[in-house]
Amino acid sequence: MKFELQCTAPLSKARAGKIETAHGQIDTPIFMPVGTLGSVKGVHFKDVKEDIKAQIILGNTYHLYLRPGVEIIEKAGGLHKFIGWDRPILTDSGGFQVFSLGDIRKLTEEGARFQSHIDGSRHLFTPENVVDIQRSIGADIIMAFDECTPGDADYDYASKSLELTQRWLERCIKRYNETEPKYGYSQSFFPIVQGCVYADLRKKAAEHVASFNCDGYAIGGLSVGEKEADMYEMIEVVNAVLPENKPRYLMGVGTPINILEGIDRGIDMFDCVMPTRNGRNGMLFTRNGIINIKNNKWRDDFSPIDLNGTSFVDQQYSKAYLRHLFQAKEMLGAQIGSIHNLAFYLWLVGEARQQILAGTFKGWKEQMVKQVGQRL
RNA sequence: GGGGAGAUACCAAAGCGGCCAACUGGGGCAGACUGUAAAUCUGCUGGCGUACGCCUUCGUAGGUUCGAAUCCUGCUCUCCCCA
């Protein structure tokens, strides 16, 4: 994988860049739709690619390992072939599930013992086997196995948690270096910076990951219950340490405003379930603000979903019709909401990139931050 | 014509003397959702008030009772069975 830093915006840390992978190029900043189980929920890959214009999507180690299982994915020739997606894929390591499925797992030095949420069966994730599984899945970018520290953790817990993540990282990197890709193309490995909301821990974590000279670096453990101001501060602290010439990935973030603020602070890559999950639940993000399409006020508004929208669904369907679909619990409603939101997210980061290249990012961003948070 | 059952809030449906402004569903209204155990979850849903509360409700008109959606009587309407 190669990263080229093309431009930095005036009065900002915002960057435009280009990542080259075996499955094609990614223009940054970029938003990566989440496809946990090998599908961007409710959206055909044809639309993910041609309409939404996603350049890379996510998969999840924990979920794919449990179902369909490594054997099937290997037999298929890797995840790309299995799901029919020929652009880049990034897999999360399962570290987030260690956090979100917290009540059915146990952390030890060795790794995380957990029970399947599907059938209760017992499993063990270690830094080593998580790298192995990601080799088998065959994503272009694979992630370190970390503990995603809760946003409200106290300093002592966060510090010990970080140290565990750091020891796990060293084991991940060792395994990564000892193993080869299985499908004939290279895979890049990204470490993850933890440290909760404590600046000194974050700085220490950033220095630690930077010492390994990886292809890119991720910031994790944000948007997990901490204050937004803390999140922004942590991004600043970490990005001050991470090398300029490598992509920076802010995991699991976020709202359109979070993304704009992240870009402004030097983040290159984002992923989040919000556009799909919220879209599926009737909340539409637009450049003019947020629409809760289920609200009564749209019942006879026959204007297009989003006149400024870039997706075909934006012009094709009216607000009143989309509201009707949600009221009637028709699955097409969830699909339209998901497609619209993803297309908006991809438009947002693409436009941010253009503004960075044009040197006009800062002013544009300030204006967008005012607009996108409004309730329509 | 004979026999039986029933009328409860937007709909369906509990309640069968005080703990009932009334269980529960549905519908409706609103909110939440951030590396997806989520096509999910939460709240509200007689009126007024932020709230303690106050006022008007259980087909309808009366009655019994300290007290009625609950008991009694008349009326109106609906449904089922037999002719």
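Computation of the quantities below employed the complete heavy-atom set of this structure, encompassing side-chain atoms and omitting hydrogens, waters and symmetry-equivalent molecules. Fair warning: this is a prediction, and the values are worked out from it, not measured in the lab. Proteins come first, then strands; the chains are lettered A, B, ... in the order of their sequence lines, and each starts at number 1.
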Would you say a side-chain N or O of [X] is under 4.0 Å from OP1 or OP2 of [N]?
X: A:Gln97; N: B:G35; value: no
X: A:Gln327; N: B:C29; value: yes
X: A:Ser223; N: B:U34; value: no
X: A:Arg299; N: B:C29; value: no
X: A:Arg280; N: B:U40; value: no
X: A:Asn295; N: B:G31; value: yes
X: A:Ser116; N: B:A37; value: no

Touch check for [X], heavy atoms < 4.0 angstrom, all strands: base, sugar-phosphate only, or nothing?
X: A:Glu228; value: base
X: A:Leu58; value: sugar-phosphate
X: A:Gly221; value: base
X: A:Met283; value: base
X: A:Asp271; value: sugar-phosphate
X: A:Gln335; value: nothing
X: A:Arg375; value: sugar-phosphate
X: A:Glu330; value: nothing

Q.
Ring-plane angle category for A:His23 and A:His80, please: parallel below 30°, perpendicular beyond 60°, tilted otherwise.
A. parallel
Starting from [atom2] on [N], measure out to [atom1] on [X] and report it in whole angstrom.
X: A:Asn292; N: B:C33; atom1: CG; atom2: C1'; value: 12 Å
X: A:Lys297; N: B:G28; atom1: NZ; atom2: P; value: 18 Å
X: A:Arg105; N: B:A37; atom1: CZ; atom2: P; value: 14 Å
X: A:Ile290; N: B:A32; atom1: CD1; atom2: P; value: 8 Å
X: A:Ile137; N: B:G35; atom1: CD1; atom2: C1'; value: 14 Å
X: A:Trp298; N: B:G28; atom1: CH2; atom2: P; value: 19 Å
X: A:Leu284; N: B:G31; atom1: CG; atom2: P; value: 13 Å
X: A:Tyr249; N: B:G35; atom1: OH; atom2: P; value: 9 Å

Does [N] have a Watson-Crick or wobble partner in any strand here, with both distances under 3.5 angstrom, and which is it?
N: B:A7; value: B:U76
N: B:A12; value: B:U24
N: B:G53; value: B:C48
N: B:U34; value: none

Q. Above 12 or not: heavy atoms from other molecules or residues under 6.0 Å from CD of A:Glu109?
A. yes
Taking the side chain of [X] as its heavy atoms from C-beta onward, which of [options] lies nearest to it?
X: A:Phe96; options: B:G35, B:C33, B:G31; result: B:G35
X: A:His117; options: B:A37, B:G35, B:A38; result: B:A37
X: A:Asn281; options: B:G35, B:A32, B:U36; result: B:A32
X: A:Lys294; options: B:U40, B:G35, B:G27; result: B:U40
X: A:Lys41; options: B:A38, B:G35, B:A37; result: B:A38

**Q.** Salt bridge present between A:Arg265 and A:Glu261 (N-O < 4.0 angstrom)
**A.** yes
Q) Salt bridge between A:Glu207 and A:Lys203, side-chain N to carboxylate O under 4.0 Å? A) yes
Q.
I need the single residue from A:Phe344, A:Tyr345, A:Trp347 that forms a ring pair (Phe, Tyr, Trp, His ring centres under 6.0 Å) with A:Phe285. Which is it?
A. A:Tyr345
Using the [atom1] atoms only, state how far [M] lies from [N], rounded to an integer number of Å.
N: B:C77; M: B:G27; atom1: C1'; value: 26 Å
N: B:G17; M: B:A69; atom1: C1'; value: 11 Å
N: B:A37; M: B:C33; atom1: C1'; value: 15 Å
N: B:A68; M: B:U50; atom1: C1'; value: 33 Å
N: B:C10; M: B:C66; atom1: C1'; value: 36 Å
N: B:C23; M: B:A38; atom1: C1'; value: 29 Å
N: B:A7; M: B:U57; atom1: C1'; value: 16 Å
N: B:G4; M: B:G74; atom1: P; value: 15 Å

Q) Are side-chain N/O atoms of A:Tyr65 and A:Asn60 paired as donor and acceptor at under 3.5 Å? A) no
Could a donor-acceptor pair under 3.5 angstrom be found where the side chain of [X] meets the base of [N]?
X: A:Thr276; N: B:U36; answer: yes
X: A:Asn296; N: B:C29; answer: no
X: A:Asp146; N: B:G35; answer: yes

Q. Is A:Ile52 linked to A:Leu348 within one hydrophobic cluster, defined over Ile, Leu, Val, Met, Phe, Trp and Tyr using a side-chain heavy-atom separation of less than 4.5 Å?
A. yes
Q. So do the side chains of A:Val238 and A:Arg248 get within less than 4.5 Å of each other, counting heavy atoms only?
A. no
Q) Between A:Asn278 and A:Ala334, which is nearer to the 5' end of RNA chain B once each is assigned its nearest nucleotide? A) A:Asn278
Q) Sequence neighbours excluded, which residues qualify as salt bridge (Lys or Arg N to Asp or Glu O under 4.0 Å) partners of A:Glu226? A) none
